[in-house]
2 protein chains.
Amino acid sequence: MPKSKDSPDGSAGEQRRLQMVDIARLAGVSVSTVSRALNGSELVNAETRQRVAELARSLNYSINFGARNLRLQENKTVAVVVPYDAKSRQHISDPFFLSIVGSIADALTDRGYDMLLSRVDAERLDLASHWFDSGKAIGVILIGQWRQHDQLNDMAARKLPLVVWGGEMPQQLYCSVGGDNVLGGALATRHLLALGRRRIAFVGDARLPEVWLRQQGYQQALQHAGLQADPALELPAAFEPGVATGELREFFAARRDFDAVFCCSDVLALLSIQALRAAGRSVPGDVAVIGYDDMPLAAYCDPPLTTVHQPVAEAGAELVEALLGQLRGERAGPRTLPVYLKLRESAPNT
Amino acid sequence: MPKSKDSPDGSAGEQRRLQMVDIARLAGVSVSTVSRALNGSELVNAETRQRVAELARSLNYSINFGARNLRLQENKTVAVVVPYDAKSRQHISDPFFLSIVGSIADALTDRGYDMLLSRVDAERLDLASHWFDSGKAIGVILIGQWRQHDQLNDMAARKLPLVVWGGEMPQQLYCSVGGDNVLGGALATRHLLALGRRRIAFVGDARLPEVWLRQQGYQQALQHAGLQADPALELPAAFEPGVATGELREFFAARRDFDAVFCCSDVLALLSIQALRAAGRSVPGDVAVIGYDDMPLAAYCDPPLTTVHQPVAEAGAELVEALLGQLRGERAGPRTLPVYLKLRESAPNT
DNA sequence: TTGAAAGCGCTAACAT
DNA sequence: ATGTTAGCGCTTTCAA
């Protein structure tokens with residue numbers, strides 16, 4: 001038998017949580033009637049319905065969703081999973097990812113869903129399926145695909161309701177939603193070329209699908225301009241500030257044969273600017289810098305960052321819609337959202 | 001009757017979720033035995049236990065937590081609530097609050113709890129009790145007390161298991177956990193005084209308890225130095241960048257009779273630096289600037305921010321412990337965590 | 001229009 | 001060591 005104490009959660013001496021049976025007794029009706037009344041059923045007398053509803057409200061009664069969901073076999077909770085780097089115990093705290101989480105929170109709230117937020121080892125994204133398997137969530141939204149493209153495909157093959165923020169890759173079985181990374185890379189590069197810059201460094205780890213796509217855009221833009229991408233100017237910097245800082249300082253100290261840098265995140269852009277200045281080069285005078293994401297603080301840095309704007313506000317709604325669509329049985333493909341270049345001082349228009 | 005379809009969540013054609021009864025049938029035992037085996041009960045034959053466990057694992061069975069919780073009258077979910085400004089539809093996206101959320105996520109995960117993340121109108125923090133009332137969470141952690149001190153006291157009086165990140169105020173009924181704001185304000189101010197600055201502006205809205213406490217520390221430090229705080233140098237800037245930007249530009253354009261600024265968040269410090277530069281003043285040369293929080297990006301700004309470091313890593317553990325303690329019936333008071341000054345370039349040591 | 005009763009998936013007291 | 005049974009709080013069929 002469960003605890004027979006009057007306190008369902010073990011806290012001593014608190015009042016027992018109100019249940020339907022309590023309302024029923026006080027209203028002088030059966031629980032069935034209370035249930036119907038509270039759900040606005042037409043089957044119950046309007047006067048009774050009114051009375052029960054009022055009583056429930058005045059007593060501050062809230063329905064027990066666990067019981068309701070069990071009975072109804074339904075659930076309005078979505079798991080949102082943020083990968084983190086378990087090896088370095090370092091958390092993915094990139095402002096951009098956090099913005100996406102906020103955007104998803106809004107979208108879920110608007111649709112009456114709850115959000116279960118958790119972290120998962122970036123090497124074992126497949127563990128995210130646990131939330132679905134255990135019935136705690138009806139599906140999973142994963143923020144970033146990292147290098148686990150295969151794991152994600154497996155998860156989709158196992159019929160896990162899953163949507164991933166990230167880039168669309170060839171032969172992809174799972175549903176992804178993301179910005180147009182190829183376009184973003186091309187926009188940034190074209191702008192730098194238009195400024196007259198010819199030696200453009202690329203900062204980002206192309207093992208990540210999103211970065212790889214941006215690199216494609218970067219290379220395409222160079223080719224279009226009749227230039228050849230120089231692999232020596234491509235630095236596969238990590239996303240974690242702690243790791244990237246050293247890599248960038250070393251890189252910028254070693255070589256000066258470039259006049260622009262395209263970074264695959266605003267944080268990397270910030271770090272690059274610092275490293276460039278440490279190497280005695282000015283931004284944007286000597287080196288123009290373009291970031292990616294347009295994070296909330298991008299406008300308040302010094303210099304304010306020219307950056308590829310990602311559609312954060314739309315992202316949440318798109319991710320949620322994709323997941324709910326999947327649950328309705330729709331066979332939705334990956335979605336690519338538009339991006340644009342936000343001009344500021346780190347690579348100004350002149 | 002609930003849907004009799006084989007799909008519990010309405011998605012067409014997927015396999016029915018595995019239950020104990022399925023494992024039981026396949027193992028040739030009763031559900032009780034499966035339940036016991038899976039819970040590692042000593043009452044079940046070691047060989048059987050092994051066999052059942054293996055079967056469950058190979059079939060990828062996960063227990064239905066909704067049902068388990070209903071039966072056990074227990075719940076391992078905590079609601080974490082981030083207030084937002086409903087009027088401006090602007091979200092509290094301050095990097096510091098997001099860091100705290102991350103820290104709480106870690107602490108909860110370590111203890112085997114799930115985190116339900118949601119937002120609530122900052123004017124109606126009392127709505128956060130919904131998560132408890134509906135049985136979805138065993139308690140609520142609220143990030144920031146805003147100006148709703150009274151609402152929070154009411155919630156605590158209603159016996160809602162609640163912990164709030166924020167400052168400790170007189171006659172406070174609810175449990176708060178926060179940094180030592182008075183000390184933080186004093187440390188920052190003392191440092192600026194030690195640099196020889198005498199006219200120190202204060203930026204922050206003292207209607208918020210945390211800011212009010214920091215202001216106390218600021219004023220105390222000035223008095224200790226034999227100086228009088230000048231109310232004309234106190235700017236009650238909002239926390240939202242959009243609003244604050246204008247206020248700061250106006251303020252710094254109007255008056256130049258100060259040589260230092262103490263800001264109640266790093267974001268405000270960043271905005272102040274921009275506004276100061278726009279007004280033709282250098283940082284830290286003309287004006288030294290100190291921020292608050294030591295957000296992840298504080299070290300990567302230009303100049304890197306001298307700031308009061310908040311114990312983010314400890315914050316999550318403290319908040320969670322305080323909540324769990326409350327649920328165990330312990331009568332825990334507010335907790336104040338140590339802070340220290342992190343010296344960087346915006347108000348360097350020399 | 002209302003109430004009695006069954007059952008959602010699970011655990012535990014009670015039997016064997 | 002294992003099975004039978006009752007019941008967590010709710011919704012809904014069925015009967016009245």
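Below, read A as the first sequence line, B as the second, and so on, with proteins coming before strands; counting in each chain starts at 1.
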Nucleotide nearest A:Arg71 (side chain, heavy atoms from C-beta), chosen from C:dG7, C:dC10, D:dT2: C:dG7
A:Arg36, nearest nucleotide to its side chain (from D:dT2, C:dT11, C:dT2): C:dT2
Verdict with supporting geometry, B:Ser176 and B:Trp165, side chain to side chain donor-acceptor pair (under 3.5 Å): CA-CA 6 Å; B:Ser176 68; B:Trp165 173 268; over 6 Å; no
[N] phosphate, OP1 or OP2: any side-chain N/O from [X] under 4.0 angstrom?
| X | N | answer |
| --- | --- | --- |
| A:Ser32 | C:dG3 | no |
| B:Gln73 | C:dT11 | no |
| A:Thr48 | C:dT2 | yes |
| A:Ser30 | C:dA4 | no |

Listed partners of [X] passing salt bridge (charged side-chain N to carboxylate O under 4.0 Å, His left out), at least two apart:
| X | answer |
| --- | --- |
| A:Arg36 | none |
| B:Arg49 | none |
| B:Glu123 | B:Arg147 |
| B:Glu47 | B:Arg51 |

Can you give me every donor-acceptor pair (side chain of residues 54-63 of chain B, partner residue at least two apart or in another chain, under 3.5 Å) with its distance?
from    : atom 1 : to      : atom 2 : distance (Å)
B:Glu54 : OE2    : B:Gln50 : NE2    : 3.2
B:Ser58 : OG     : B:Glu54 : O      : 3.4
B:Ser58 : OG     : B:Leu55 : O      : 2.9

Ring pair (Phe, Tyr, Trp, His ring centres under 6.0 Å) partners for A:Tyr174, two or more places apart: A:His149
Residue whose nearest DNA chain C nucleotide is more 5′ - B:Met20 or A:Ala46: A:Ala46
Along DNA chain C (nearest heavy atom to each residue), the more 5'-positioned of A:Leu70 and A:Val29: A:Val29
Residues in side-chain hydrogen bond (donor to acceptor under 3.5 Å, both in side chains) contact with B:Ser103, at least two apart in sequence or another chain: none
Terminal axis angle for the helix from C:dT1-D:dA16 to C:dT16-D:dA1, five pairs an end, nearest 10 degrees: 50°
Using whole Å, report how far [atom1] of [X] lies from [atom2] of [N].
| X | N | atom1 | atom2 | value |
| --- | --- | --- | --- | --- |
| A:Asn45 | C:dG3 | CG | C1' | 15 Å |
| A:Glu42 | C:dT1 | CD | C1' | 12 Å |
| B:Arg17 | C:dC10 | CZ | C1' | 14 Å |
| B:Asn39 | C:dA12 | CG | P | 7 Å |
| A:Asp133 | C:dG9 | CG | P | 16 Å |
| B:Leu38 | C:dC10 | CG | P | 9 Å |
| A:Asn75 | D:dC10 | CG | P | 17 Å |
| B:Arg51 | D:dT2 | CZ | C1' | 12 Å |

DNA chain C contacts among residues 53-69 of chain B, heavy-atom distance under 4.0 Å: B:Tyr61, B:Ile63, B:Asn64, B:Ala67, B:Arg68
B:Val120 backbone acceptor or donor facing B:Arg124 side chain under 3.5 Å: no
A:Asp22 side chain to A:Leu18 backbone, donor-acceptor under 3.5 Å: no
